[in-house]
Protein chains: 2
Amino acid sequence: MQRTPRSAENRSAIAEDARCIFERHVRDRKLKSSKVRTELVRNIASLSGHFTAETLQGRLDPQVRVSKATLYRTLGMMCECGLLISHEFGQGALFFESSLGQAHHDHFFCVDCRTITEFTSPGIEAMQERVAAESNFELTSHSLKLYGYCAACGPKRAAAAQPR
Amino acid sequence: MQRTPRSAENRSAIAEDARCIFERHVRDRKLKSSKVRTELVRNIASLSGHFTAETLQGRLDPQVRVSKATLYRTLGMMCECGLLISHEFGQGALFFESSLGQAHHDHFFCVDCRTITEFTSPGIEAMQERVAAESNFELTSHSLKLYGYCAACGPKRAAAAQPR
DNA sequence: CTAACTGCAAACACTTTGCACGCCA
DNA sequence: TGGCGTGCAAAGTGTTTGCAGTTAG
């Protein structure tokens, strides 16, 4: 499953949805809104793909200028209200992805080029439910990562191993 | 699946196996052995359950005195030669577990009491293989974690939510 | 006018690294 | 006897927090 990059119209619709969800979260918690935060949320939510706090800096509209502190604080809030999903891939930093307009999915991680790709497997999901139920474990979330060589790096590696 | 704690005889057999595997690793890489390291490897390999570098300190034989630097270096080597498996549970520190005498398994993580339990699901494993093959992804490893409330915390939580 | 937001820099937790010295092959 | 292992302390990395000033409701 390859994710299609978001179109411009799509992105602005998503940004708007994100703003609404975030505003509700802010209201519920009796927090305050702010120009910086609103723009930041719109920006982040409309990104496609996976990013870290670090790589995020380079992908924001140049006019959105935020400190690392605010960035991390906002990322945290967006995770709390479900706008972002975070993942660990053993790379030190957390990876985030916008959840809006995204069906649930799991990930491949190429240990060579570090590319993250997505897949879905209803069968695996169903079996997870079953396994959890059998153990009286009340499932709230899960994380499935498959590590290895992607379709590009696998052959490349095989060729390098046998240079003849 | 509950892991049975290791018996004393079992632990010493495992410690011995671990030593052999580690020695081979050392030889292959033209490194050197040392008293500290050998004892550390025997100790760590015979532990049952999951531990972090931090909690490990308290579980070693009191006579094994090592610096954090050596501890981390040894943990790294043990992972390289397959004696240890490491896991991230989003808790900051890496968790390790000895792999000797252990079948492959995946994990439940209780978000309340933070207990780690294990399970196996050949069905899930098989489906992972299939999904990877379909994407021409060459699988080398995987990580599946189910988060939620364990059999003890689930009911406890339900009761607290409705105190009547 | 109060409480939350912001940026900055300092603090933090976990892990890695540089270095001087000791020990193994 | 050369090179690796060790401990110590310092450095690193990613993230969080305290604080003084700013802004929203």
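Not measured: the values here are computed from a predicted model.
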Minimal non-hydrogen separation, [X] against [Y], with atom names:
{"X": "Val26(B)", "Y": "Ser33(B)", "value": "CG1-N, 4.0 Å"}
{"X": "Phe22(A)", "Y": "Met78(A)", "value": "CE1-CG, 4.0 Å"}
{"X": "Ser7(A)", "Y": "Asn10(A)", "value": "OG-CB, 3.0 Å"}

Quick one: [X] [atom1] to [N] [atom2], roughly how many Å, whole number?
{"X": "Leu71(A)", "N": "dT17(D)", "atom1": "CG", "atom2": "P", "result": "15 Å"}
{"X": "Arg27(A)", "N": "dA24(D)", "atom1": "CZ", "atom2": "P", "result": "17 Å"}
{"X": "Glu54(A)", "N": "dG12(D)", "atom1": "CD", "atom2": "C1'", "result": "14 Å"}
{"X": "Glu88(A)", "N": "dC14(C)", "atom1": "CD", "atom2": "C1'", "result": "13 Å"}
{"X": "Phe89(A)", "N": "dG14(D)", "atom1": "CZ", "atom2": "C1'", "result": "17 Å"}
{"X": "Lys30(B)", "N": "dG5(D)", "atom1": "NZ", "atom2": "P", "result": "14 Å"}
{"X": "Glu23(A)", "N": "dC5(C)", "atom1": "CD", "atom2": "P", "result": "12 Å"}
{"X": "Phe95(B)", "N": "dA13(C)", "atom1": "CZ", "atom2": "P", "result": "16 Å"}

Let me know, please, whether Leu31(B) or Leu94(B) comes out on the 5' side of the other along DNA chain C by nearest nucleotide.
Leu94(B)
Would you mind telling me which residue lines up with the more 5' stretch of DNA chain C, Ala53(B) or Val26(A), judged by nearest nucleotide?
Val26(A)
Using modelled atom types and a 3.5 Å cut-off, is there a donor and acceptor pairing between side-chain atoms of [X] and backbone atoms of [Y]?
{"X": "Arg37(A)", "Y": "Lys32(A)", "value": "yes"}
{"X": "Ser46(B)", "Y": "Ile14(B)", "value": "no"}
{"X": "Asn43(A)", "Y": "Asp61(A)", "value": "yes"}

Could you check Thr74(A), Leu56(A), Leu60(A) and say which one makes a side chain to side chain contact (heavy atoms under 4.5 Å, CB included) with Val66(A)?
Leu60(A)
Angle between the end axes of the helix from dC1(C)-dG25(D) to dA25(C)-dT1(D), five pairs per end, to the nearest 10 degrees?
30°
Kindly determine whether Glu39(A) and Arg19(A) satisfy salt bridge (Lys or Arg N to Asp or Glu O under 4.0 Å), including the steps that lead there.
CA-CA 9 Å; Glu39(A) 259 324 290; Arg19(A) 199 188 51 69; over 6 Å; no
Identify which one of Phe108(B), Phe96(B), Phe95(B) satisfies the ring-ring contact (aromatic ring centres under 6.0 Å, His included) criterion when paired with Phe89(B).
Phe95(B)
Looking at the side chain of Ser67(B), which of dC14(C), dG7(D), dT17(D) is the nearest nucleotide?
dG7(D)
Considering only side-chain heavy atoms of Val66(B), which listed nucleotide, dG7(D), dT15(C), dT17(D), is closest?
dG7(D)
Hydrophobic cluster identity match, Leu71(B) and Leu47(B), side-chain contacts under 4.5 Å:
yes
Under 4.0 Å between any heavy atoms, over every strand shown, what does Arg29(A) touch: base, sugar-phosphate, or nothing? Just pick one.
nothing
So Ala93(A), base contact, sugar-phosphate only, or nothing? Heavy-atom distance under 4.0 Å.
sugar-phosphate
Does a side-chain N or O from Tyr72(A) land closer than 4.0 Å to OP1 or OP2 of dT16(D), or not?
no
Is there a residue in residues 32-40 of chain B whose heavy atoms reach under 4.0 Å of DNA chain C, and which residues are they?
Lys32(B), Ser33(B)
Establish whether the base of dG7(D) is bridged to the side chain of Arg73(B) by a donor-acceptor pair shorter than 3.5 Å.
yes
